[in-house]
Amino acid sequence: MIEVFSQNINGTWFAVACTQQEIVGTSFGETEPVALQKLLDNLPINAPFQVLFTPSNLAKTAFTLLSDMFEGKNVKPKINLSFTHLPAYTQRVLLATMQIPAGYVASYGSVAKAIGGGPRAVGNVMANNCFAPLVPCHRVVKSDFTLGGYGGGLKVKIELLKKESHGFCEPKKISVEGGVLEVYPVEHVLSRLPKFVA
DNA sequence: TGCAAACCATAAC
DNA sequence: GTTATGGTTTGCA
């Protein structure tokens with residue numbers, strides 16, 4: 001049985017779905033219904049679940065991680081995420097994306113080159129990311145350093161990237177399963193933002 | 001710049 | 001099986 005929890009942290013609603021051992025999905029949104037809806041949409045079909053009000057220990061851990069991520073802290077999620085019900089390629093994309101450090105971004109194309117497949121396939125995985133923002137899909141942008149899209153809204157993507165800015169200058173190569181992932185300082189993206197400032 | 005075509009894994013039929 | 005769908009990329013006018 002999958003247990004579902006929701007919680008408001010500093011004005012943002014987060015939702016977590018988990019079993020006793022592992023996280024099955026996470027999401028966030030401006031309102032509780034939005035966060036829950038996005039979470040449930042990505043749950044395995046026909047999976048039985050129940051909505052509970054008192055977070056389990058695992059859920060508490062997840063909420064802490066989620067809010068830390070959301071504040072731009074460089075946390076490496078040491079937590080059991082359940083990928084096994086996902087297609088193999090999807091798992092590879094998610095794993096590679098988790099290797100992108102805070103303060104850096106990678107392009108859809110560079111992720112694709114590192115693990116195989118094509119840029120659009122990577123975009124597809126991002127669009128259906130069931131672990132936002134634990135899997136930092138906001139750190140994946142277009143090859144020209146413009147934003148691309150974001151499930152949680154572009155405004156949020158910008159905010160997250162700004163919070164993660166650490167003033168790095170040099171690109172970096174990160175070895176991931178099957179290849180090398182090139183990442184770039186998030187500044188490259190932020191410097192092209194003026195047209196988006198609200 | 002802007003547009004069209006190629007790209008690639010999934011999900012939906 | 002087949003088709004439709006993207007959070008893309010690249011080439012070319």
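Side-chain atoms are counted along with the backbone in the values below, which use heavy atoms only and exclude waters and symmetry mates. In what follows, chains carry the letters A, B, and so on, assigned in the order in which the sequence lines appear, proteins first and then strands, with residues in each chain numbered from 1.
Rounding to the nearest 0.5 Å gives a distance of 9.0 Å between CD of A/Q99 and OG1 of A/T97. For the atom pair A/L40 CG and A/F49 CZ, the distance stands at 4.5 Å (nearest 0.5 Å). In this structure, the separation between CG on A/L94 and CD on A/Q91 is 8.0 Å, given to the nearest 0.5 Å. Once rounded to the nearest 0.5 Å, the distance linking CG of A/L65 with NZ of A/K76 reads 12.5 Å. Summarising the geometry, atom CD1 belonging to A/I23 is positioned 4.0 Å from atom CG belonging to A/L58; distances are rounded to the nearest 0.5 Å. Interatomic distance, CD1 of A/I100 versus SG of A/C137, reported as 9.5 Å (0.5 Å rounding).
At the heavy-atom level, A/V140 lies under 4.0 Å from base atoms of the strands shown.
Taking 4.5 Å as the limit, some side-chain heavy atom of A/S165 sits within range of a side-chain heavy atom of A/L190.
Hydrophobic clustering, with ILVMFWY side chains joined whenever heavy atoms are under 4.5 angstrom apart, keeps A/F131 apart from A/V34.
The side chain of A/S143 contributes no N or O atom lying less than 4.0 Å from OP1 or OP2 of C/dT8.
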Show which side-chain atoms of residues 170-179 of chain A pair as donor or acceptor with protein atoms under 3.5 Å away, not counting sequence neighbours.
none

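Within 6.0 Å of atom CD in A/Q20, 12 or fewer heavy atoms from other residues, nucleotides or ligands are found, so the atom counts as exposed in its surroundings. The environment of CD in A/E30 is sparse: at most 12 heavy-atom neighbours from other residues, nucleotides or ligands sit within 6.0 Å. Counting heavy-atom neighbours within 6.0 Å of A/K163 NZ, excluding the residue itself, gives a total above 12.
For the segment residues 23-42 of chain A, no residue has any heavy atom less than 4.0 angstrom from an atom of DNA chain B. A heavy-atom distance below 4.0 Å to DNA chain C is reached by these residues of residues 114-122 of chain A, ordered by number: A/P119, A/R120, A/A121. Proximity of residues 124-136 of chain A to DNA chain C (heavy atom under 4.0 angstrom from any strand atom) is restricted to A/N124, A/M126, A/A127.
At a cut-off of 3.5 angstrom, counting only N and O atoms as typed in the model, there is a donor on one side and an acceptor on the other between the side-chain of A/Y108 and the base of C/dG7.
Atom NZ of A/K113 is separated from atom C1' of C/dT10 by 13 Å (rounded to the nearest Å). Counting to the nearest Å, the C1' atom of C/dG7 and the NE2 atom of A/H138 are 14 Å from each other. Counting to the nearest Å, the P atom of C/dT10 and the NZ atom of A/K142 are 12 Å from each other.
When every heavy atom of A/P133 is checked against every heavy atom of A/T26, the shortest pair comes out as N-OG1, 4.4 Å.
Counting 5' to 3', DNA chain B first comes under 4.0 angstrom of a heavy atom of chain A and last does so at the ends given by B/dA6 to B/dT10.
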Open item on the list: Go through it in stages, so that I can follow the logic: the residues are A/F70 and A/F14, the test is ring-ring contact (aromatic ring centres under 6.0 Å, His included), and I'd like the CA-CA distance, side-chain angles, deciding distance and then a yes or no.
Closed with: CA-CA 10 Å; A/F70 212 72; A/F14 294 90; 5.3 Å; yes
TODO: Begin with the C-alpha distance, continue with both residues' side-chain angles, and end with the deciding distance and a verdict on side chain to side chain contact (heavy atoms under 4.5 Å, CB included) for A/V141 and A/K157.
DONE: CA-CA 10 Å; A/V141 299; A/K157 185 167 186 173; 4.2 Å; yes
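Consecutive Watson-Crick or G-U pairing (both distances under 3.5 Å) extending over three or more pairs maps onto DNA chain C as B:1-6 with C:8-13, B:8-13 with C:1-6.
Figure legend: cation-pi geometry between A/K142 and A/Y108 absent, as NZ or CZ is not positioned both under 6.0 Å from the six-membered ring centre and within 45° of its axis.
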